[in-house]
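Data block below; observations after.
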There are 2 protein chains.
Amino acid sequence: MKRSTIVKDRLADMAADLTPAERQVSDVLLRDYPVAGLTSITRLAEAAGVSTPTVIRLARKLGYGGFPDLQAALRDEASAQIRTPILKRDGWPENRSDSPAFQDFAQAVFANLEGTIDRLDPASFDRIAACLADPARHVVLSGGRITRSNADYLFNHLQIIRPGVTLLSPSANVWPQYLLDMGPETVLVIFDIRRYERDLFRLAEIAKAQKAEIVLFTDQWGSPVTKLSDHVVNALIEVPSSWDSTLAINLIAEALIAEVQTRRWEDAKTRIERLEDMFKTTKLFRKQN
Amino acid sequence: MKRSTIVKDRLADMAADLTPAERQVSDVLLRDYPVAGLTSITRLAEAAGVSTPTVIRLARKLGYGGFPDLQAALRDEASAQIRTPILKRDGWPENRSDSPAFQDFAQAVFANLEGTIDRLDPASFDRIAACLADPARHVVLSGGRITRSNADYLFNHLQIIRPGVTLLSPSANVWPQYLLDMGPETVLVIFDIRRYERDLFRLAEIAKAQKAEIVLFTDQWGSPVTKLSDHVVNALIEVPSSWDSTLAINLIAEALIAEVQTRRWEDAKTRIERLEDMFKTTKLFRKQN
DNA sequence: TCAATCCTGAAGCTATCGTTACAAGCTAGA
DNA sequence: TCTAGCTTGTAACGATAGCTTCAGGATTGA
């Protein structure tokens with residue numbers, strides 16, 4: 001019989017050959033499997049009411065070199081059990097000829113999206129949506145070197161849904177004039193992932209001093225702006241590339257757009273209809289060219 | 001702020017106050033959470049590439065008396081996570097109070113991403129990457145009302161990696177001057193999802209007449225530009241919202257960026273280093289403000 | 001009852017762990 | 001450029017873990 005790599009199976013296989021004291025250890029292990037085995041040998045022995053050598057003898061009987069080996073096996077199992085299914089999804093299309101690099105990349109992105117949703121506080125999401133949906137508030141968006149694209153994306157949609165949306169220019173030297181008009185009714189949305197940008201921090205500082213409400217989209221480590229922010233979205237951004245992936249940020253941005261749109265459906269509807277009309281008009285003009 | 005008993009939450013709360021080395025530890029912990037923390041402090045430190053005192057400092061910062069305390073907390077969490085019945089582990093993180101709308105949205109996005117990857121022809125992906133990585137080619141990008149953000153995103157990154165990248169202005173009336181310079185060495189990247197834009201089609205027509213190679217990012221139904229394009233990426237964009245989700249387009253764009261970067265690593269490396277230098281210089285300038 | 005065998009824990013040893021103290025290195029601001 | 005403060009790793013230390021040895025105790029069969 002080939003020896004199973006699963007500790008639980010080995011315990012079952014050897015059950016008949018175990019001594020009473022060893023069985024007590026086995027019981028404790030199985031009661032909170034596999035985490036129970038992840039303490040020190042001393043504590044495990046105490047929990048089972050036996051001595052430490054007994055635990056070692058059990059580990060050896062199961063085919064491990066010693067207790068640390070057994071523990072490593074248990075740790076691997078715990079890890080495998082806890083990992084969310086999407087990570088180890090057997091759903092990855094077989095018979096595909098994607099490069100391993102592409103597959104790794106895609107896997108990482110999925111893990112990031114999942115992890116980001118996992119960390120997102122639903123209540124916080126609601127509050128952000130409420131800010132952005134409030135027509136009385138003025139929304140100002142700003143991003144950094146890379147994240148300006150994300151800011152642009154959110155801006156692009158928000159602007160269609162509601163009035164009073166401004167995208168700050170990437171160059172910081174024109175910001176002061178916008179800062180002039182910021183007050184308690186302003187919602188400042190900042191995108192700042194590593195490497196965090198000093199200018200954005202200063203922007204947040206001044207805006208905060210003027211009582212603006214700050215929404216921050218950042219990475220898992222958190223921009224310094226975090227401590228100035230009223231609402232923070234932490235997105236996972238690491239992928240097997242020398243670039244960071246801002247896909248998770250866009251996911252939340254899109255979800256917010258959908259939510260905001262729902263909240264102010266009546267207003268947005270007419271607004272969009274008017275917009276469509278204008279586009280049609282523009283097109284007519286162009287036909288003359 | 002009441003201190004959460006969940007290590008993950010504490011990490012998130014403190015994220016902004018962590019030092020770079022501590023962040024590395026945090027990273028390792030979260031990557032295989034919570035099991036990664038169940039080794040010895042030495043191994044954890046090694047895995048994170050830091051020294052053991054750093055791990056202890058992190059543990060203290062999170063409010064634990066020392067590493068063993070932190071580890072005990074992690075073990076409890078691992079135990080709790082594994083004990084929970086297989087609940088709805090399939091797919092959605094358990095015990096979350098997300099609105100159904102948000103869940104539906106996220107589910108749809110995941111389905112879109114998977115479907116998009118599924119439809120993507122690896123060979124085609126490679127050919128597109130080859131075009132974009134070829135320094136002899138000139139890359140021109142253009143998007144529509146919504147997709148200009150996607151074009152901007154790809155532009156933003158490509159520009160850092162390689163020279164000869166141009167983003168067309170959203171206003172079609174300045175396109176002709178760019179069209180003047182298009183030839184067989186030009187790669188024109190067009191983003192066009194419903195509602196497809198006539199201007200983009202004309203742009204493609206003229207570019208095609210001048211022998212430019214055309215790469216098209218579109219939706220599952222296919223923009224009219226398809227018939228003029230040499231390479232087409234069809235992304236799924238439907239979500240339960242009155243908006244379309246361009247997340248799948250960004251996924252492919254990001255994957256392409258990673259691939260292009262890999263292909264021209266040597267060149268890109270020095271280019272990025274020079275860029276970093278310039279940014280540092282700019283910072284020095286800014287200090288005078 | 002006795003002897004042979006097996007089971008078990010106490011005691012001690014060594015390697016490793018977790019911790020502390022301190023100094024070098026780095027960064028930010030003047 | 002220089003200084004103050006922060007960050008980080010090195011080195012040294014007790015404490016603990018994991019392991020070995022060995023002897024007491026239980027069990028079994030004659």
Side-chain angles (χ1 to χ4, degrees), chain A residues 14-29 36-75 194-202 205 221-224 227, chain B residues 14-29 36-75 276-277 279-289:
Chain A
M14 300 292 294
D17 296 332
L18 296 186
T19 69
E22 285 164 357
R23 209 160 279 146
Q24 290 179 55
V25 178
S26 171
D27 280 352
V28 171
L29 280 179
L38 299 180
T39 24
S40 75
I41 190 174
T42 313
R43 268 173 253 262
L44 177 59
E46 273 172 13
V50 301
S51 66
T52 56
T54 299
V55 177
I56 295 182
R57 280 188 281 263
L58 175 63
R60 296 258 159 84
K61 236 179 206 175
L62 296 179
Y64 298 98
F67 180 71
D69 283 1
L70 167 65
Q71 197 172 56
L74 288 171
R75 196 164 35 237
R194 69 174 179 190
R195 330 169 33 156
Y196 313 114
E197 295 178 37
R198 183 188 305 251
D199 285 339
L200 288 172
F201 185 77
R202 295 205 177 133
E205 270 183 331
W221 308 286
S223 146
K227 54 175 87 71
Chain B
M14 300 291 295
D17 296 329
L18 296 185
T19 69
E22 285 164 355
R23 230 163 249 157
Q24 290 179 52
V25 180
S26 168
D27 246 16
V28 171
L29 281 178
L38 299 181
T39 22
S40 75
I41 191 174
T42 312
R43 268 176 252 269
L44 177 59
E46 272 173 13
V50 302
S51 65
T52 54
T54 299
V55 177
I56 295 183
R57 282 188 278 258
L58 175 63
R60 296 259 158 83
K61 233 177 208 176
L62 297 179
Y64 299 98
F67 181 69
D69 284 0
L70 167 65
Q71 198 171 55
L74 287 171
R75 197 165 31 239
E276 293 295 335
D277 286 347
F279 267 105
K280 275 180 194 156
T281 315
T282 311
K283 269 186 188 168
L284 287 178
F285 284 157
R286 281 185 191 154
K287 286 196 177 170
Q288 298 170 358
N289 292 349

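It should be emphasised that the depicted structure is a prediction, and the values quoted were computed from it without experimental measurement.
- Under a 3.5 Å cut-off, the side chain of B:Glu22 and the backbone N or O of B:Thr54 do not form any donor-acceptor pair.
- Computed from coordinates, the A:Leu38 CG to C:dC17 P distance equals 16 Å when rounded to whole Å.
- Of the candidate nucleotides C:dT8, C:dA21, C:dA11, C:dA21 has the atom lying nearest to any side-chain atom of B:Pro53.
- Using a 4.0 Å heavy-atom cutoff across all strands shown, A:Val55 reaches no nucleic acid atom at all.
- Heavy-atom minimum distance, B:Lys61 versus B:Asp17: NZ-O, 3.0 Å.
- When distances are taken from the side chain of A:Pro20 to each of D:dT7, C:dT8, D:dG9, the shortest belongs to C:dT8.
- Side-chain proximity of B:Phe67 to D:dA17, C:dT20, C:dG18: nearest is C:dG18.
- The nearest whole Å value for the distance from the CG atom in A:Leu58 to the C1' atom in C:dC7 is 14 Å.
- In this entry the distance linking NZ of A:Lys61 with C1' of D:dC19 reads 18 Å, nearest Å.
- Distance A:Arg202 CZ to C:dG29 P: 8 Å, rounded to the nearest Å.
- Which of D:dC19, C:dG18, C:dA10 sits closest to the side chain of B:Pro68 comes down to C:dG18.
- Phosphate contact (OP1/OP2 of D:dT8, side-chain N/O of B:Arg23, threshold under 4.0 Å): absent.
- Between B:Val50 and B:Gln24 the shortest heavy-atom distance is CG1-OE1, 4.1 Å.
- Remark: of the listed residues B:Ile41, B:Leu29, B:Thr42, B:Ile41 is the sole one forming a side chain to side chain contact (heavy atoms under 4.5 Å, CB included) with B:Val55.
- Looking at heavy-atom distances under 4.0 Å, A:Thr52 makes contact with a base.
- With the nearest nucleotide of DNA chain D identified for both B:Glu22 and A:Thr39, B:Glu22 has the one nearer the 5' end.
- Closest approach to the B:Ile41 side chain among D:dC19, C:dC17, D:dG9 is made by C:dC17 (side chain taken as heavy atoms from C-beta onward).
- For A:Ala47 against A:Val28, the heavy-atom pair with the smallest separation is O-CG2, 3.8 Å.
- One interatomic measurement links the two molecules: CG of B:Leu70 to P of C:dC17, which rounds to 16 Å at whole-angstrom precision.
- Rounded to whole Å, atom P of D:dG9 lies 13 Å from atom CG of B:Leu44.
- Per the geometry, CG belonging to B:Leu18 stands 10 Å off P belonging to D:dT7, to the nearest Å.
- OP1 and OP2 of D:dC6 both lie 4.0 Å or more from every side-chain N or O belonging to B:Arg57.
- Applying the 4.0 Å criterion to OP1 and OP2 of C:dG18, one finds that B:Arg60 has every side-chain N and O outside that range.
- As a whole-Å value, the separation of B:Ile56 CD1 from D:dC13 C1' is 13 Å.
- The phosphate of C:dC7 has neither OP1 nor OP2 within less than 4.0 Å of any side-chain N or O from A:Thr54.
- Put simply, A:Thr42 has a side-chain N or O that comes within less than 4.0 Å of OP1 or OP2 on D:dA17.
- Formation of a donor-acceptor pair under 3.5 Å by the A:Gln71 side chain with backbone atoms of A:Thr39 is found in this model.
- Side-chain nitrogen and oxygen atoms of B:Ser40 include at least one within less than 4.0 Å of the OP1 or OP2 phosphate oxygen of C:dC17.
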